[in-house]
Protein chains: 2
Amino acid sequence: MPFTAAEENYIKTIFQLQLNEGMVSTNSVATALETSAASVTDMLKKLKLKKLLVYEKYKGFKLNNEGKKTALGIIRKHRLWETFLVNILHFKWDEVHEVAEQLEHIQSNQLIDHLDDFLGNPQFDPHGDPIPDSAGKMPILSQINLTKFPLHVVGEICSVGSQSSDMLSLLSHKHIEIGSKISVEQYFAFDESIEVKINNKLLVNISAKLAQHLYVKKMNYAS
Amino acid sequence: MPFTAAEENYIKTIFQLQLNEGMVSTNSVATALETSAASVTDMLKKLKLKKLLVYEKYKGFKLNNEGKKTALGIIRKHRLWETFLVNILHFKWDEVHEVAEQLEHIQSNQLIDHLDDFLGNPQFDPHGDPIPDSAGKMPILSQINLTKFPLHVVGEICSVGSQSSDMLSLLSHKHIEIGSKISVEQYFAFDESIEVKINNKLLVNISAKLAQHLYVKKMNYAS
DNA sequence: AAATATTTTTAGACAAATCTAAAAATTTAA
DNA sequence: TTAAATTTTTAGATTTGTCTAAAAATATTT
Ligand SMILES: [Mn+2]
Ligand SMILES: [Mn+2]
Ligand SMILES: [Mn+2]
Ligand SMILES: [Mn+2]
């Protein structure tokens, strides 16, 4: 029932990979964790033995229900700690990942439930990602990638797909943050860049690469 | 420069043992960490190699300046986290030790300095123990064990030498907490128990064993 | 379909941290 | 000052998590 930090890092990574792909490959985990494929195979045998995943050699693998539940518990801790670091200790959002990567492995249900209450049971972390509750339930996020957002509709930036400080400084230069109102005004086929209006006034150009990392939800009230 | 959690636990334990004894023995560390003497010897070789302690086989050992500095850093983290757990997350003082034992190993200077500021740079932890600052300096605590406190002098409970919940419940039953005013009114030679007055009104009897775990400082103002 | 490339697994090794059992050194007692 | 008891160290294993190199399986080209 208690897992090592190494096991937890694998579980979390596999969970995130299978959200997109369904089935996960040895190499994709190795790449994500910056380790060797051989190490991944070793760990897969262990996690299979502990009945956290479905795995047949050479056939790929995925977490079963027990594995998914475990993963959501780790993700819950990671995102609550990130929220604590940003909201309470005034870290910037690009400074929290490494520390949360350690804090997520602290074993204490009492700790994480008290932290959750202290933070006011937040629904989203500083990057706009949903925080699972103690039962593993997450608010569903009807977010759309900015590249797929219709023209002239006002939405709200609700999450960013990267946590690099390079991206943070670019966003802050363009006066974009989580919660900013945004509408796509024009699409330029040549370089796939778009022109957007921020908070109903500022017009800025956004590269295709940046747009791929921004997620928007439609405003549920008139702009 | 970064140490493993196992190394840090040894360093902290040796520091605390050498505060009393000066020189530390293999067995005393083994007992404190509930491990085998052989494991202690193994670790001593490693810590000597890393130049944290003075050690000659069969002769005992002690931390050098680098080792002491490292120990104080770990103790700082441990006590700041305990303060956070009690003051902010409303843990009871007998519930924090195990979690702080994990949290003390999180590696991030930024984290611990921000936490320190957020807590208001506290000088003492919930058990009354002094918290080293980021340079390793600790407030000197002129505390006296209750068994050595003179008769009829009013003092203040400032620290407890144990964190067991058995002790906590006993203290709360006697209406004693950190900050309580206390004076020793009578000494009973038969069982070495003492009668004390709490907050200038309540008379209670304290066993020799309990008194050994209570530390008192003289009030610097008139009672 | 065969050849080639890629992915995955196995084999064997290593460092960290632990253990038990036995040997060596030191301390205490007779 | 020997003998006995205690403490400490060594020797040899074990578990966890990692690695590299080589073999096996699968996928992609030609
Ligand atoms: Mn992690
Ligand atoms: Mn996040
Ligand atoms: Mn610890
Ligand atoms: Mn304490």
Side-chain angles (χ1 to χ4, degrees), chain A residues 1-14 17-18 20-63 67 70-71 74 101-102 104-107, chain B residues 1-14 17-18 20-63 67 70-71 74 101-102 104-107:
Chain A
M1 269 296 123
F3 301 102
T4 66
E7 288 168 338
E8 291 192 337
N9 285 334
Y10 276 95
I11 293 164
K12 198 180 57 162
T13 300
I14 294 167
L17 289 171
Q18 84 184 35
N20 311 321
E21 303 166 34
M23 216 64 168
V24 186
S25 72
T26 302
N27 256 2
S28 62
V29 175
T31 304
L33 286 175
E34 296 181 275
T35 189
S36 69
S39 298
V40 176
T41 303
D42 289 345
M43 183 60 86
L44 289 175
K45 289 178 190 160
K46 249 177 66 183
L47 296 179
K48 185 184 185 181
L49 214 75
K50 296 196 175 190
K51 301 197 192 309
L52 294 175
L53 47 76
V54 182
Y55 165 51
E56 271 185 283
K57 59 179 185 167
Y58 291 105
K59 303 284 175 167
F61 46 90
K62 60 183 173 186
L63 297 178
T70 305
I74 303 160
E101 205 53 52
Q102 298 179 59
E104 70 188 356
H105 305 297
I106 302 291
Q107 304 285 357
Chain B
M1 269 297 122
F3 301 101
T4 66
E7 288 169 337
E8 291 192 336
N9 286 333
Y10 275 95
I11 293 164
K12 197 179 58 163
T13 299
I14 295 168
L17 289 170
Q18 85 183 35
N20 312 319
E21 303 166 33
M23 215 66 169
V24 186
S25 72
T26 303
N27 257 0
S28 62
V29 174
T31 304
L33 286 175
E34 297 180 277
T35 189
S36 70
S39 298
V40 175
T41 302
D42 288 346
M43 184 59 87
L44 288 175
K45 290 178 191 158
K46 248 175 69 181
L47 295 179
K48 185 184 185 180
L49 214 75
K50 296 195 175 189
K51 299 198 194 307
L52 293 176
L53 47 77
V54 182
Y55 165 52
E56 271 183 281
K57 60 178 182 168
Y58 291 105
K59 302 284 175 170
F61 46 91
K62 60 183 173 185
L63 296 178
T70 305
I74 303 160
E101 205 55 52
Q102 299 178 60
E104 70 188 357
H105 305 296
I106 301 291
Q107 305 284 357

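Within every chain, numbering begins at 1; the chains are lettered A, B, ... in the order of the sequence lines, protein sequences first and strands thereafter.
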S.K.: Nearest whole angstrom, please: distance from the P of C/dA16 to the CG of B/Leu47.
M.R.: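 Going from CG in B/Leu47 over to P in C/dA16 covers 12 Å.
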S.K.: Starting from P on D/dT26, measure out to CE on A/Met23 and report it in whole angstrom.
M.R.: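 Going from CE in A/Met23 over to P in D/dT26 covers 14 Å.
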S.K.: With the threshold set at under 4.0 Å for non-hydrogen atoms, list the residues of residues 31-38 of chain A touching DNA chain C in residue-number order.
M.R.: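 Going residue by residue through residues 31-38 of chain A, the ones with a heavy atom under 4.0 Å of DNA chain C turn out to be A/Ala37, A/Ala38.
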S.K.: When A/Val24 is tested against each of A/Leu63, A/Val29, A/Val40, A/Leu44 for side chain to side chain contact (heavy atoms under 4.5 Å, CB included), which residue passes?
M.R.: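 It is A/Val29, the one option of A/Leu63, A/Val29, A/Val40, A/Leu44 that forms the side chain to side chain contact (heavy atoms under 4.5 Å, CB included) with A/Val24.
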S.K.: So, the side chain of B/Lys48 versus the backbone of B/Tyr55: is there a donor-acceptor pair under 3.5 Å, distance only?
M.R.: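 The answer is yes, because a donor-acceptor pair under 3.5 Å joins these two groups.
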S.K.: D/dT18, D/dT10, C/dT18: which one has an atom nearest the side-chain heavy atoms of B/Ala6?
M.R.: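 Looking only at heavy atoms from C-beta outward on B/Ala6, the closest nucleotide is C/dT18.
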S.K.: Examine D/dC19: is either OP1 or OP2 under 4.0 Å from a nitrogen or oxygen in the side chain of A/Ser39? Give yes or no.
M.R.: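 True: A/Ser39 side-chain N/O within range (under 4.0 Å) of D/dC19 OP1/OP2.
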S.K.: Taking the side chain as everything from C-beta on, heavy atoms only, tell me whether A/Glu7 gets closer than 4.5 Å to A/Met43.
M.R.: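 Yes; the side chains approach each other to less than 4.5 Å.
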S.K.: Counting only side-chain nitrogens and oxygens, does A/Asn27 get under 4.0 Å of the OP1 or OP2 atom of C/dT6?
M.R.: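 The answer is no; no side-chain N or O of A/Asn27 sits under 4.0 Å from OP1 or OP2.
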S.K.: Near DNA chain D, counting only heavy atoms under 4.0 Å, which residues of residues 48-61 of chain A show up?
M.R.: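 DNA chain D contact set from residues 48-61 of chain A: A/Tyr58.
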S.K.: Does NZ in B/Lys62 sit with more than 12 non-hydrogen atoms of other residues, nucleotides or ligands closer than 6.0 Å?
M.R.: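 Open.
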S.K.: Please give me the minimum heavy-atom distance between B/Gly67 and B/Ile11, naming the atom from each residue.
M.R.: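 Shortest heavy-atom contact: O-CG2, 3.8 Å.
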S.K.: Would you check if the side chain of A/Thr31 reaches a backbone N or O of A/Asn27 as a donor-acceptor pair within less than 3.5 Å?
M.R.: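 Yes, A/Thr31 side chain to A/Asn27 backbone: donor-acceptor pair under 3.5 Å.
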S.K.: Spell out, as yes or no, whether a donor-acceptor pair under 3.5 Å connects the side chain of A/Thr41 to the backbone of A/Ala37.
M.R.: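 Pair found, side chain donor or acceptor close to backbone of A/Ala37.
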S.K.: Nearest whole Å is fine: how far is D/dT18 P from A/Lys45 NZ?
M.R.: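 Those two atoms, NZ and P, are 15 Å apart.
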S.K.: Indicate, with a heavy-atom threshold strictly under 4.0 Å, whether B/Thr26 touches base, sugar-phosphate, or nothing.
M.R.: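 It contacts sugar-phosphate atoms only.
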S.K.: Is there a donor-acceptor contact under 3.5 Å from the side chain of A/Thr13 to the main chain of A/Asn9?
M.R.: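 Confirmed, A/Thr13 side chain pairs with A/Asn9 backbone.
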S.K.: If you define the side chain from C-beta out and look only at heavy atoms, does anything of A/Gln107 sit under 4.5 Å from B/Gln102?
M.R.: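 Of all side-chain heavy-atom pairs linking B/Gln102 with A/Gln107, at least one is under 4.5 Å.
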S.K.: Can you work out whether B/Asp42 or A/Glu7 has the more 5'-proximal nearest nucleotide on DNA chain D?
M.R.: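 Of the two residues, B/Asp42 wins.
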